[in-house]
Amino acid sequence: RRRPGGQADLPENSLPWRVCACGPPLALPLAAVTRPVLLLVEDDPALLELLSQESRQRGYAVHCASALDTARRLIDRQSFDVAVVDLTLGAESGFDVIRPLRRQALDTEIVVISGTASLASAVASYDLDAFAFVPKPFDVDQLFATIVRAIEHRGVVLSDRRLLWV
């Protein structure tokens, strides 16, 4: 199937998008732009694998960490568009991932996920400038809708920052 002008149709969930003020987002071929880079920090191996596979299928570049030390090494070596961080990493805290990430990468959007969701942990997440707090269990499509909004927000923030320096 081809659109007028000879362009091939792309699946609706292909990433990333170019937003047009006059209508819905228009998909661009992945080769035309850089793929968004995600950091997934989750200690449950099954959930980490599920999120990793879903991320790749949706067109993201993905880096995974199941422990605090692995996440810190990744943060030191790589920049991320969005980090999805579980608050409970075994005996460790996801806040110990968020704090250095926030110090090193102010433009990385952070989506916090937690199976022990409480008002206090949600407030603490937002105090560290998290984009969103998603309690477990969650619908995978809703989590990825939140990730898309985080990427869009990041784009707006970076664009505004560039305008300030022009």
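As a basis for the values below, the full set of heavy atoms in this structure was taken, side chains included, without hydrogen atoms, waters or symmetry mates. Worth saying up front: this structure is predicted, and the values here are computed from it rather than measured.
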Is there a side-chain contact (heavy atoms from CB on, under 4.5 Å) between E92 and D69? Walk through the geometry before answering. CA-CA 10 Å; E92 300 167 322; D69 58 336; 5.6 Å; no
Ignoring hydrogens and geometry, is there a side-chain-to-backbone donor-acceptor pair from S114 to T116 under 3.5 Å? yes
Looking only at atom types and distance, does a side-chain atom of R35 sit under 3.5 Å from a main-chain N or O of V62, one as donor and one as acceptor? no
Measure the CG-CD distance between L51 and E42 for me, rounded to the nearest 0.5 Å. 7.0 Å
Can you measure from CG (L128) to CZ (R99) and round to the nearest 0.5 angstrom? 5.5 Å
Check for me, please, whether F144 and L47 land in the same ILVMFWY cluster - side-chain distances under 4.5 Å, paths through other members count. yes
Spacing of CG belonging to L87 relative to OG belonging to S118, to within rounding of 0.5 Å: 8.5 Å
With the side chain counted from C-beta on, respond yes when L143 and V111 share a heavy-atom pair under 4.5 Å apart, and no when they do not. yes
Are V134 and L48 co-members of a hydrophobic cluster defined by side-chain heavy atoms under 4.5 Å apart? yes
Does one side chain, of Q53 or E49, offer a donor that lies under 3.5 Å from an acceptor on the other? yes
For a 4.5 angstrom cut-off between non-hydrogen side-chain atoms, does I75 reach L39? yes
Has R72 got a side-chain atom pairing as donor or acceptor with V97's backbone, closer than 3.5 angstrom? no
Does any N or O in the side chain of Y126 come within less than 3.5 Å of the main-chain N or O of F133, such that one atom is a donor and the other an acceptor? yes
Donor-acceptor pair, distance only, cut-off 3.5 Å: does the side chain of D81 make one with the backbone of V37? yes
Are Q142 and T146 packed together at the side-chain level, in the sense that at least one heavy-atom pair is separated by less than 4.5 angstrom? no
Given side chains that start at C-beta, do those of L89 and V41 come closer than 4.5 Å, heavy atoms only? yes
Do S52 and L40 come close enough that some side-chain heavy atom pair is under 4.5 Å? yes
Separation of L50 CG from S55 OG (nearest 0.5 Å): 9.0 Å
Determine, for F131 and R149, whether the Lys NZ or Arg CZ falls below 6.0 Å from the six-membered ring centre while staying within 45 degrees of the axis. no
Heavy-atom check, side chain of I147 versus side chain of L38, under 4.5 Å: yes
Looking at side-chain heavy atoms only, is the closest gap between V82 and R154 below 4.5 Å? no
Output for pair (D107 CG, S79 OG), nearest 0.5 Å, gives 7.5 Å
Test side-chain contact (heavy atoms from CB on, under 4.5 Å) applied to E152 and V148, step by step: CA-CA 6 Å; E152 291 170 349; V148 168; 3.7 Å; yes
Would you call the rings of F80 and H63 parallel, tilted or perpendicular, where under 30° means parallel and over 60° means perpendicular? perpendicular
Between T70 and S66, is there a donor-acceptor pair closer than 3.5 Å when you use the side chain of the first and the backbone of the second? no
Interatomic spacing from CZ in F95 to OG in S125 - rounded to 0.5 Å: 4.0 Å
Hey, are the side chains of L101 and T108 touching, using non-hydrogen atoms and a 4.5 Å cut-off? yes
Yes or no on side-chain contact (heavy atoms from CB on, under 4.5 Å) for V85 and I113, after CA distance, side-chain angles and deciding distance? CA-CA 6 Å; V85 181; I113 57 177; over 6 Å; no
